[in-house]
Amino acid sequence: APPWVLTSMMKRLDLAVIDLCGRLAQGRLTGGEIIELGLSEGGIALSPMQYTRHLIAPDILKKLDEIKGLMASKTLRIENIRRRP
């Protein structure tokens with residue numbers, strides 16, 4: 001929605017399907033297993049901000065990249081507040 005939405009979160013379902021197909025082809029897919037593809041696995045990402053990147057100050061974009069790197073390396077962990085049974 002240019003120029004109203006700065007960015008959004010992308011759930012990379014394409015990579016999840018490729019990962020599952022690869023596991024199946026290699027005989028490594030087991031039923032009932034929870035497979036999480038997070039930031040470090042490429043399973044989630046920010047949109048490329050094609051129409052809005054220019055609206056965000058360069059120092060903010062740099063800080064976002066730093067935080068992304070910390071999260072991907074698992075140096076900074078964001079706790080999942082969703083409860084699992």
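Between Met9 and Leu46, the closest side-chain pair of non-hydrogen atoms falls below 4.5 Å. At least one side-chain heavy atom of Lys63 sits under 4.5 Å from a side-chain heavy atom of Glu66. Between Ile56 and Thr7 there is no side-chain heavy-atom pair separated by less than 4.5 Å. At least one side-chain heavy atom of Met10 sits less than 4.5 Å from a side-chain heavy atom of Pro48. When side chains are defined from C-beta on, Arg77 counts as touching Lys74, because their heavy atoms get closer than 4.5 Å. By the 4.5 Å heavy-atom criterion applied to side chains, Met71 and Ser40 are not counted as neighbours.
The minimum heavy-atom distance between Arg12 and Gly42, with the atom names listed, is CG-O, 3.3 Å. Between Glu41 and Leu37, the shortest heavy-atom distance links the atoms OE1-C, 3.7 Å. The heavy-atom pair separating Leu29 from Leu20 by the smallest distance is CD1-CD2, 3.7 Å.
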Does the pair Lys62 and Leu64 meet the rule for a side chain to side chain contact (heavy atoms under 4.5 Å, CB included), with working shown? CA-CA 5 Å; Lys62 182 180 178 185; Leu64 282 173; over 6 Å; no
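Put simply, Met49 and Leu55 are part of the same group of oily side chains (I, L, V, M, F, W, Y) that touch within less than 4.5 Å, one to the next. Val17 and Ile35 fall into different hydrophobic clusters, defined by Ile, Leu, Val, Met, Phe, Trp and Tyr side-chain heavy atoms under 4.5 Å apart, directly or through other members.
For CZ of Arg28, the number of neighbouring non-hydrogen atoms (other residues, nucleotides, ligands) closer than 6.0 Å is greater than 12.
A side-chain contact (heavy atoms from CB on, under 4.5 Å) with Leu70 is found for one member of Leu76, Asp65, Leu39 and no other, namely Leu76.
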